[in-house]
Amino acid sequence: MATESAAYRKLLKRTREIALVSAASDLLSWDLDTYMPPKALAFRAEQFAHLGGHTHKLFTSRKVGDLLSACEQNGLAADSAEAVNVREWRRLYQRATRLPARFVEKFQRTRTHAREAWKEARQRSQFKVFKPHLQKVVELNRQRAEYWGYSESPYDALLEEHEPGMRTAQVRSLFAELRPAIGEVLGKAVERSAAVPPDLIEGNYPVAAQQALNRKVAEAMGFDFAAGRIDTTTHPFCTTLGPGDCRLTTRYNERNFTQSLYGIMHEAGHGLYEQGLPAEHFGSPLCMAASLGIHESQSRLWENHVGRHPRFWEHWHPIACEHFPELKRLTPTQLAAAVNRVTPSFIRVEADQVTYDLHIILRFEVEVKLMEKQLAAGDVPAYWNENFQNMLGLKVERDADGCLQDIHWSLGELGYFPTYTLGNLNAAQFMERVLQDQPGLEGELSRGEYGNLLKWLRERVHRHGLRYHSQDLMQKATGEPTSGKHHLDYLRKKFLQ
């Protein structure tokens with residue numbers, strides 16, 4: 001067996017090869033959601049199956065296991081880059097080797113077809129179009145959970161994929177604290193928002209003008225367009241195809257420019273995290289995000305704590321008026337009130353800050369019941385509609401406004417949704433700490449100056465990659481693990497005082 005340093009170099013060479021192939025697959029995925037012609041679907045599914053199976057075989061080979069063992073046996077300094085990478089490679093290797101290659105290929109093929117079926121089902125607002133695909137996705141996720149193993153709920157195995165170390169019981173506990181507390185804020189927040197007309201900012205906002213404003217805001221945040229771009233898709237997302245290539249997407253509503261604006265601020269928050277990861281470690285865990293809950297904290301921080309801050313429009317109102325002259329009829333205060341209006345609504349990505357987490361709690365409950373065989377895939381719409389009405393007081397009339405609105409299940413990504421609320425909690429916690437560390441930050445934000453905020457996030461979060469798991473990172477950055485207290489305090493201060 002090669003010496004430790006030679007073994008590590010060989011291991012790094014293999015994982016960078018895998019990262020290159022995965023980046024090609026990610027590019028095909030981005031193309032599928034943006035420009036791919038419909039008749040290419042069947043071939044694209046085979047491409048994904050082949051590439052997914054190939055990278056799985058590359059990583060789960062006995063050679064990788066031997067190289068990992070060689071690195072571990074020689075001993076590594078606990079805080080060294082090598083030790084961090086070997087630790088995380090071992091964790092990922094243990095999970096990957098439990099999945100047969102044929103299963104991985106089947107999973108990739110199934111979710112590619114499911115994604116296109118979801119698009120059609122959402123467009124037609126007919127769950128029956130997506131139902132057989134959801135049944136397959138749920139069954140495959142149950143199989144994944146059995147392959148990976150778990151101690152309590154099969155949902156734990158899926159949650160581990162997105163939020164290492166987090167368990168279903170912990171999420172339940174956090175959500176049990178949030179749900180009634182949000183209910184207490186909601187009634188008063190809705191009452192206060194009643195004075196703001198729901199159509200206050202409706203008007204005529206050409207897509208080209210929206211694109212120009214969105215780019216200016218993203219650039220001001222620090223997003224590097226020499227290393228990224230914005231495109232249009234059904235469901236907004238951010239994906240990174242490698243160092244220097246971060247793709248943002250959004251969708252446009254010509255009656256309300258803020259939907260795409262806040263969509264871009266959200267996705268640019270993700271993009272800033274990706275652009276802040278150490279590129280020199282590409283292909284290793286040190287160039288990976290700590291977790292999706294940390295990733296989502298970056299997008300929610302920029303979208304809400306910056307973009308929906310009452311003073312955000314002091315700087316951006318005159319600039320927005322250059323793109324949309326009719327906004328001159330509104331003051332910055334009126335615009336701030338409009339984008340912070342609280343009222344229950346059907347669509348998660350357009351939900352206000354108070355009701356947003358209720359959308360996530362419902363999805364979490366649905367997913368857990370699906371995984372624990374307490375709910376059949378075909379019964380999801382009825383369960384969704386009944387509980388949505390109980391939680392938000394709205395009757396769902398169309399599947400597109402209900403269980404078909406999100407892309408995640410068609411991607412096979414059960415276990416993903418809780419990370420959105422974890423992101424909200426982490427964002428509030430990060431923001432509270434950065435305001436303590438930088439007392440002048442409030443004034444900077446009102447002037448559209450975001451450099452010091454980004455610098456703090458680069459130092460405390462981005463540069464570490466996957467050196468720390470989420471709760472260790474939260475402890476180091478804020479002094480405590482993820483807590484619901486800071487988010488609830490933020491909501492109470494903003495919407496009740």
Side-chain angles (χ1 to χ4, degrees), residues 114-138 155 171 175-176 178-180 182-183 185-187 189-191 193-194 198-199 202 233-237 251 253 255-256 258-259 262-263 266 341-372 374-421 424:
R115 175 158 48 179
E116 291 307 294
W118 166 78
K119 289 181 182 178
E120 180 185 353
R122 183 176 181 271
Q123 184 178 19
R124 292 166 54 181
S125 192
Q126 293 181 349
F127 177 78
K128 65 181 181 180
V129 175
F130 183 55
K131 175 183 172 181
H133 297 272
L134 180 60
Q135 289 172 329
K136 292 177 184 178
V137 165
V138 170
Y155 196 73
V171 176
F175 286 4
L178 286 176
R179 185 169 177 173
I182 290 172
V185 175
L186 181 57
V190 169
E191 184 179 335
S193 294
D199 59 353
E202 283 195 6
T233 191
T234 304
H235 189 100
F237 65 89
R251 57 192 180 202
N253 179 347
R255 299 296 298 165
N256 186 341
T258 65
Q259 289 184 16
Y262 286 107
H266 181 100
R341 188 174 184 274
V342 176
T343 185
S345 59
F346 294 104
I347 307 301
R348 173 186 65 85
V349 296
E350 298 169 6
D352 60 77
Q353 287 183 265
V354 178
T355 60
Y356 183 88
D357 295 305
L358 298 178
H359 289 257
I360 300 305
I361 291 171
L362 173 58
R363 287 157 174 76
F364 168 71
E365 293 175 352
V366 169
E367 290 188 345
V368 172
K369 288 184 179 296
L370 285 171
M371 288 302 298
E372 295 181 351
Q374 298 175 24
L375 181 68
D379 295 330
V380 166
Y383 181 89
W384 178 292
N385 297 349
E386 179 183 352
N387 286 275
F388 190 89
Q389 186 166 8
N390 290 338
M391 295 173 73
L392 288 130
L394 298 176
K395 184 177 180 180
V396 180
E397 302 285 356
R398 303 172 64 251
D399 289 338
D401 292 333
C403 63
L404 284 180
Q405 65 182 269
D406 292 299
I407 195 173
H408 303 65
W409 293 341
S410 74
L411 301 177
E413 300 291 4
L414 277 74
Y416 192 121
F417 275 119
T419 66
Y420 285 115
T421 285
N424 269 341

- [ ] Just do the side-chain contact (heavy atoms from CB on, under 4.5 Å) check on Arg255 and Asp199 with the steps written out, would you?
- [x] CA-CA 9 Å; Arg255 299 296 298 165; Asp199 59 353; over 6 Å; no
side-chain contact (heavy atoms from CB on, under 4.5 Å) between Glu365 and Tyr383, intermediate numbers included = CA-CA 10 Å; Glu365 293 175 352; Tyr383 181 89; 4.0 Å; yes
When you look at Asn387 and Val366, which way does the side-chain contact (heavy atoms from CB on, under 4.5 Å) test go after all the steps? CA-CA 10 Å; Asn387 286 275; Val366 169; over 6 Å; no
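Looking only at distances, a side-chain donor or acceptor of Trp118 sits under 3.5 Å from a matching main-chain atom of Asp406. Side chain of Asp401 to backbone of Val396: no donor-acceptor contact under 3.5 angstrom is found.
Between His408 and Phe417, the angle of the ring planes lies from 30° to 60°, which puts this pair in the tilted group. Ring-plane geometry between Phe130 and Phe127 is classed as perpendicular, the angle between the planes exceeding 60 degrees on a 0 to 90 degree scale with a lower cut at 30.
In Gln389, the CD atom is crowded: over 12 heavy atoms of neighbouring residues, nucleotides or ligands sit closer than 6.0 Å.
Geometrically, Arg348 engages Tyr420 in a cation-pi contact, judged by NZ or CZ lying under 6.0 Å from the ring centre and within 45° of the ring axis.
The distance from atom CD of Glu202 to atom OG1 of Thr258, rounded to the nearest 0.5 Å, is 10.0 Å. Rounded to the nearest 0.5 angstrom, Leu370 CG and Leu414 CG are separated by 6.5 Å. One distance of note links CG of Leu362 with CZ of Arg179; it measures 8.5 Å at 0.5 Å rounding.
Between Ile360 and Phe175, some side-chain heavy-atom pair lies under the 4.5 Å cut-off.
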